Amino acid sequence: QVQLVESGGGLVQAGGSLRLSCAASGRTFSSYTMGWFRQAPGKEREFVVAISKFGVSTYYADSVKGRFTISRDNAKGTVYLQMNSLKPEDTALYYCAASLASWTNFVSGYDYWGQGTQVTVSS
């Protein structure tokens with residue numbers, strides 16, 4: 001069991017930057033593959049990026065590759081999402097998620113979820 005709390009969301013102008021944080025508590029943080037997902041009103045939840053248990057491997061959705069960067073600090077039990085060159089289409093509720101699987105980019109593959117943090121990008 002792990003509890004996840006996201007923070008860092010807000011309102012920014014197109015082209016701006018924002019850094020999201022996800023603080024984890026519970027079992028050993030390094031036991032989990034971590035991912036970020038996002039969901040806009042009327043749309044399905046979509047995969048954004050995942051990072052392996054020790055931060056060696058990352059995988060980004062094509063829509064954010066080159067603009068977003070995921071990182072984790074297992075000592076602090078925190079995963080980050082640095083978001084640069086933000087676009088209006090990035091507007092969504094962003095969720096942090098944890099999976100006991102060795103690797104997954106599917107919603108169904110994640111076991112624990114945060115409550116989400118809103119990111120709004122104005123044009």
Side-chain angles (χ1 to χ4, degrees):
Q1 180 70 36
V2 63
Q3 294 77 47
L4 306 172
V5 180
E6 303 98 333
S7 63
L11 174 64
V12 298
Q13 294 184 352
S17 298
L18 200 63
R19 189 176 79 159
L20 306 184
S21 297
C22 175
S25 62
R27 295 184 178 180
T28 303
F29 186 58
S30 61
S31 296
Y32 302 94
T33 295
M34 299 298 298
W36 286 95
F37 292 77
R38 65 187 183 185
Q39 187 168 22
K43 296 183 178 180
E44 295 183 352
R45 193 177 306 175
E46 66 171 336
F47 171 80
V48 177
V49 62
I51 187 167
S52 61
K53 296 178 179 181
F54 294 97
V56 175
S57 300
T58 58
Y59 181 77
Y60 296 85
D62 289 341
S63 60
V64 305
K65 190 174 183 179
R67 299 188 297 119
F68 291 9
T69 303
I70 190 172
S71 62
R72 67 190 295 166
D73 187 333
N74 287 349
K76 296 181 178 180
T78 305
V79 62
Y80 306 94
L81 182 63
Q82 179 66 47
M83 310 164 69
N84 298 327
S85 301
L86 284 163
K87 304 175 181 179
E89 51 263 44
D90 294 319
T91 296
L93 187 64
Y94 282 71
Y95 295 93
C96 176
S99 174
L100 288 169
S102 60
W103 189 259
T104 181
N105 62 347
F106 296 100
V107 171
S108 61
Y110 284 80
D111 304 289
Y112 307 101
W113 297 82
Q115 293 185 345
T117 185
Q118 180 67 40
V119 172
T120 302
V121 184
S122 62
S123 60

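Everything quoted here is computed from the prediction, not taken from an experiment. Along the sequence shown, the residues carry numbers beginning at 1.
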*Dump the intermediate steps for side chain to side chain contact (heavy atoms under 4.5 Å, CB included) on F37 and W113, then the final yes or no.*
CA-CA 10 Å; F37 292 77; W113 297 82; 3.6 Å; yes
*Could you grab the distance from atom OG1 of T33 to atom CG of D111, nearest 0.5 Å is fine?*
10.0 Å
*Check against side chain to side chain contact (heavy atoms under 4.5 Å, CB included), Y94 and E6*: CA-CA 8 Å; Y94 282 71; E6 303 98 333; over 6 Å; no
*Would F47 and Y60 show up in the same hydrophobic cluster when neighbours are defined by side-chain heavy atoms closer than 4.5 Å?*
no
*Which heavy-atom pair separates F29 from N74 by the least distance, and what is that distance?*
CD2-OD1, 3.1 Å
*Is there a donor-acceptor pair under 3.5 Å between the side chain of T117 and the backbone N or O of S7?*
no
_Check: Y110 side chain, T104 main-chain N or O, donor-acceptor pair, under 3.5 Å_ = yes
*K53 and S30: which non-hydrogen atoms are nearest, and at how many Å?*
CB-O, 3.2 Å
*Could you tell me if the ring centre of W36 sits under 6.0 Å from that of F68?*
no
*asked:* Please determine whether the number of non-hydrogen atoms from other residues, nucleotides or ligands lying under 6.0 Å from atom CD of Q1 exceeds 12.
replied: yes
_Cluster check Y59, M83: I/L/V/M/F/W/Y, side chain < 4.5 angstrom_ = no
*Which residues satisfy the ring pair (Phe, Tyr, Trp, His ring centres under 6.0 Å) test with W103, sequence neighbours excluded?*
none
*Just do the side chain to side chain contact (heavy atoms under 4.5 Å, CB included) check on M34 and V2 with the steps written out, would you?*
CA-CA 11 Å; M34 299 298 298; V2 63; over 6 Å; no
*Residues that S25 engages under side-chain hydrogen bond (donor to acceptor under 3.5 Å, both in side chains), provided they are two or more places apart*: Q3
*Does any pair with a residue in residues 60-86 pass salt bridge (Lys or Arg N to Asp or Glu O under 4.0 Å), and if so which ones, sequence neighbours excluded?*
R67-D90
*Give the cluster check for Y112 versus V107: same hydrophobic cluster or not, with ILVMFWY residues linked at side-chain heavy-atom distances below 4.5 Å.*
no
*Work out which heavy atom in V48 is nearest to a heavy atom in V64; give both atom names and the distance.*
O-CG2, 3.7 Å
*asked:* Quick check: is V79 connected to V119 through a chain of hydrophobic side chains (ILVMFWY, heavy atoms under 4.5 Å apart)?
replied: yes
*Find the distance between CZ (R38) and CG (L93) and round it off to the nearest 0.5 Å.*
12.0 Å
*What distance separates T91 OG1 from Q118 CD, expressed to the nearest 0.5 Å?*
7.5 Å
_Within this structure, what is the CD1-CD1 distance for the pair I51 and I70, rounded to the nearest 0.5 Å?_
5.0 Å
*Taking atom CD of Q13 as the centre, report whether more than 12 heavy atoms of other residues, nucleotides or ligands fall under 6.0 Å from it.*
no
*Taking all non-hydrogen atoms of both residues, which atom of A14 and which atom of P88 are closest, and how far apart?*
CB-CD, 4.2 Å
*Please report the closest heavy-atom contact between S85 and S17, naming both atoms and the distance.*
N-OG, 4.4 Å
*Locate the shortest heavy-atom distance separating Y95 from G114; write the atom from each residue and the value.*
CD2-O, 3.5 Å
_Transitive ILVMFWY side-chain link Y80 to L20, under 4.5 Å_ = no
